[in-house]
Amino acid sequence: AQSVTQPDIHITVSEGASLELRCNYSYGATPYLFWYVQSPGQGLQLLLKYFSGDTLVQGIKGFEAEFKRSQSSFNLRKPSVHWSDAAEYFCAVGGNSGYSTLTFGKGTMLLVSP
Amino acid sequence: GAVVSQHPSRVICKSGTSVKIECRSLDFQATTMFWYRQFPKKSLMLMATSNEGSKATYEQGVEKDKFLINHASLTLSTLTVTSAHPEDSSFYICSALPGQGGETQYFGPGTRLLVL
């Protein structure tokens with residue numbers, strides 16, 4: 001069975017500082033990996049995704065993530081955090097069959113301090 | 001592109017009544033849509049997979065007679081919470097897969113349900 005672990009429930013980062021959110025997955029084959037962001041009371045917005053190819057993927061809002069197969073990780077990074085980045089971030093894994101359900105991590109709440 | 005809407009955004013109902021939530025893909029066709037439930041400070045729990053023109057596939061533990069799903073067209077899926085009870089109060093989010101066999105789910109803004 002597939003699973004996703006986000007070990008940090010919440011993280012506080014100073015505005016302008018760099019950010020890394022951790023995500024580890026368990027999946028029996030090559031996974032499709034996603035990062036979504038959710039603002040309070042809102043739905044989920046896709047930040048970026050990895051299907052194949054270059055293991056460093058670029059997303060919207062200046063985010064990037066690196067797929068490391070040997071570590072079963074897909075960590076999200078941003079070089080300089082803005083106050084508007086404060087939100088809940090979810091990592092998700094899906095299959096590569098062209099149609100599959102997603103399994104989400106429990107999320108990491110990002111707080112940005114002035 | 002790839003916009004998904006939900007209606008209503010929030011609803012309050014009395015215990016015992018039924019509530020219908022609509023999920024629409026606005027600029028693409030979606031053979032497959034998903035319904036999730038999210039509890040406060042919790043992750044998303046997949047309730048069911050909705051396939052256009054066929055019966056929905058429910059996850060284990062989800063009562064199909066309580067959460068009725070209809071995917072009558074390629075742009076619309078509905079979730080009806082029947083005989084709602086206070087424990088059904090939650091945030092319900094839908095997502096849609098563009099085309100057939102698409103890999104990326106696009107999410108709606110969610111519907112906040114409060115059952116009194």
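Chain A is the first sequence line, chain B the second, and so forth, proteins listed ahead of strands; every chain is numbered from 1.
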Checked A:G43, A:G105, A:S39 vs chain B; the most non-hydrogen pairs under 4.5 Å come from A:G43
Heaviest contributor of heavy-atom pairs below 4.5 Å to chain B, chosen from A:M109, A:Q42, A:E88, is A:Q42
Go through the atoms of B:Q6 and report whether side chain, backbone, both or neither lie under 4.5 Å from a heavy atom of chain A.
neither
Would you find more than 12 non-hydrogen atoms of other residues, nucleotides or ligands less than 6.0 Å from [X] atom [atom1]?
{"X": "B:H7", "atom1": "NE2", "result": "no"}
{"X": "B:R10", "atom1": "CZ", "result": "no"}
{"X": "A:H10", "atom1": "NE2", "result": "no"}
{"X": "A:I9", "atom1": "CD1", "result": "no"}

Supply the atom-to-atom distance [X] [atom1] to [Y] [atom2], rounded to the nearest 0.5 angstrom.
{"X": "B:I93", "Y": "A:Q38", "atom1": "CD1", "atom2": "CD", "value": "5.0 Å"}
{"X": "A:L102", "Y": "B:Y36", "atom1": "CG", "atom2": "OH", "value": "4.5 Å"}
{"X": "A:L46", "Y": "B:Q105", "atom1": "CG", "atom2": "CD", "value": "10.5 Å"}
{"X": "A:L44", "Y": "B:S95", "atom1": "CG", "atom2": "OG", "value": "9.0 Å"}

Measure A:F90 against the heavy atoms of chain B and call it side chain, backbone, both or neither at under 4.5 Å.
side chain
Taking all non-hydrogen atoms of both residues, which atom of B:S43 and which atom of A:F104 are closest, and how far apart?
OG-CB, 3.3 Å
